[in-house]
Amino acid sequence: MIVRAAFVLACLLAPALAAADCQLPAGLHGRQMTNQSDPLYQPGNPHAGRLVQLEFQHTTYSLAPLGTSQRFAGTYSYSRLAPHVGEIRFTEAFEGGVARYRLLLTCLTGNGGHFVFTQDDGPVPPRQRQNGGTWALTR
């Protein structure tokens with residue numbers, strides 16, 4: 001899995017490095033993000049192929065898989081690791097336990113790019129998983 005993650009990271013960073021005007025925001029408070037996960041990369045992801053909308057406040061977020069009545073919420077932290085690379089760490093509490101996951105973001109423009117989703121542990125099988133996709137800031 002580490003080799004796969006390193007390969008995916010290298011693939012994501014190459015186009016982002018080429019984008020001269022590509023820069024992630026300094027923070028996410030008040031922002032809205034829409035993500036689409038790749039359905040072929042990890043079929044075990046319950047949101048694979050779906051559009052997911054995230055709303056960010058100071059330290060909390062809400063997540064809605066579009067086209068469903070599901071709503072999730074939790075806490076997050078955001079770090080801009082370089083002008084074109086950022087990481088969002090999420091924690092969501094469920095009846096069956098806590099899910100901890102992160103999105104590694106690279107930008108292709110100032111408002112969008114690619115992500116790698118990594119869940120280290122969670123109550124929904126598979127407990128550990130990884131997926132990729134695209135993201136866009138819509139507000």
Side-chain angles (χ1 to χ4, degrees):
M1 187 170 199
I2 292 172
V3 172
R4 185 184 322 163
F7 174 74
V8 170
L9 179 59
C11 290
L12 289 174
L13 290 177
L17 291 172
D21 62 347
C22 173
Q23 188 166 352
L24 289 168
L28 295 176
H29 172 67
R31 303 300 296 262
Q32 181 182 72
M33 178 184 283
T34 302
N35 299 345
Q36 182 170 22
S37 296
D38 181 352
L40 301 176
Y41 184 69
Q42 177 51 269
N45 180 353
H47 302 303
R50 287 193 181 263
L51 287 174
V52 176
Q53 190 170 70
L54 293 141
E55 300 270 348
F56 295 97
Q57 296 307 316
H58 289 289
T59 59
T60 61
Y61 71 94
S62 62
L63 182 149
L66 299 179
T68 74
S69 60
Q70 296 176 315
R71 301 292 179 260
F72 304 99
T75 60
Y76 79 97
S77 64
Y78 171 70
S79 300
R80 194 167 72 173
L81 307 173
H84 58 278
V85 179
E87 181 181 60
I88 310 172
R89 291 185 172 266
F90 298 90
T91 302
E92 280 179 29
F94 293 91
E95 286 182 24
V98 174
R100 288 183 178 79
Y101 58 95
R102 60 190 182 275
L103 289 180
L104 180 67
L105 306 173
T106 60
C107 62
L108 295 173
T109 69
N111 290 318
H114 294 284
F115 70 83
V116 174
F117 166 92
T118 303
Q119 180 172 296
D120 297 313
D121 194 21
V124 178
R127 296 177 64 89
Q128 297 176 330
R129 59 181 178 252
Q130 204 168 41
N131 203 343
T134 57
W135 63 273
L137 288 175
T138 52
R139 178 177 56 192

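As a basis for the values below, the full set of heavy atoms in this structure was taken, side chains included, without hydrogen atoms, waters or symmetry mates.
The CD atom of Gln36 sits 10.0 Å away from the CG atom of Leu66 when rounded to the nearest 0.5 Å. Rounding to the nearest 0.5 Å places CG of Leu105 at 7.5 Å from CG of Leu28. For the atom pair CZ (Arg89) and CG (Asp120), the distance works out to 7.5 Å, reported to the nearest 0.5 Å. Summarising the geometry, atom CE belonging to Met33 is positioned 11.0 Å from atom CG belonging to Leu63; distances are rounded to the nearest 0.5 Å. Atom CD of Gln128 sits about 10.5 Å away from atom OG1 of Thr118, to the nearest 0.5 Å. Distance CG/Leu51 to OG1/Thr68: 11.0 Å, rounded to 0.5 Å.
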For a side chain to side chain contact (heavy atoms under 4.5 Å, CB included) check, start with the C-alpha distance between Gln57 and His29, then their side-chain angles and the critical distance, and finish with the verdict. CA-CA 5 Å; Gln57 296 307 316; His29 172 67; 3.5 Å; yes
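Looking at Leu54 and Trp135, their side chains never come closer than 4.5 Å, going by heavy atoms from C-beta outward.
Considering all non-hydrogen atoms of both residues, Tyr78 and Pro25 come closest at OH-O, 2.7 Å. Glu92 and Ala73 get closest at one heavy-atom pair: CG-O, 3.7 Å. Annotation for Asn131 and Asp38: closest pair OD1-O, 3.1 Å, computed over non-hydrogen atoms. Nearest heavy-atom pair across Val85 and Leu24 is C-CD1, 3.2 Å. The two residues Leu108 and Cys22 have their closest heavy-atom pair at N-SG, 3.7 Å. In this structure, Phe115 and Ser37 approach most closely via the heavy-atom pair CZ-OG, 3.8 Å.
Screening Arg127, Arg102, Arg129 for a salt bridge (charged side-chain N to carboxylate O under 4.0 Å, His left out) involving Asp121 leaves a single residue, Arg127.
In terms of modelled atom types and a separation under 3.5 Å, the side chain of Gln23 and the main chain of His84 share no donor-acceptor contact.
By the side-chain contact (heavy atoms from CB on, under 4.5 Å) test, Glu55 pairs with Gln32, Gln53, Ser62, Arg139, sequence neighbours left out. Residues satisfying the ring pair (Phe, Tyr, Trp, His ring centres under 6.0 Å) criterion with Phe90, sequence neighbours excluded, are Tyr61, Tyr101. Looking at residues two or more places apart in sequence or on another chain, you find a side-chain contact (heavy atoms from CB on, under 4.5 Å) between Thr91 and Thr75, Val98, Arg100.
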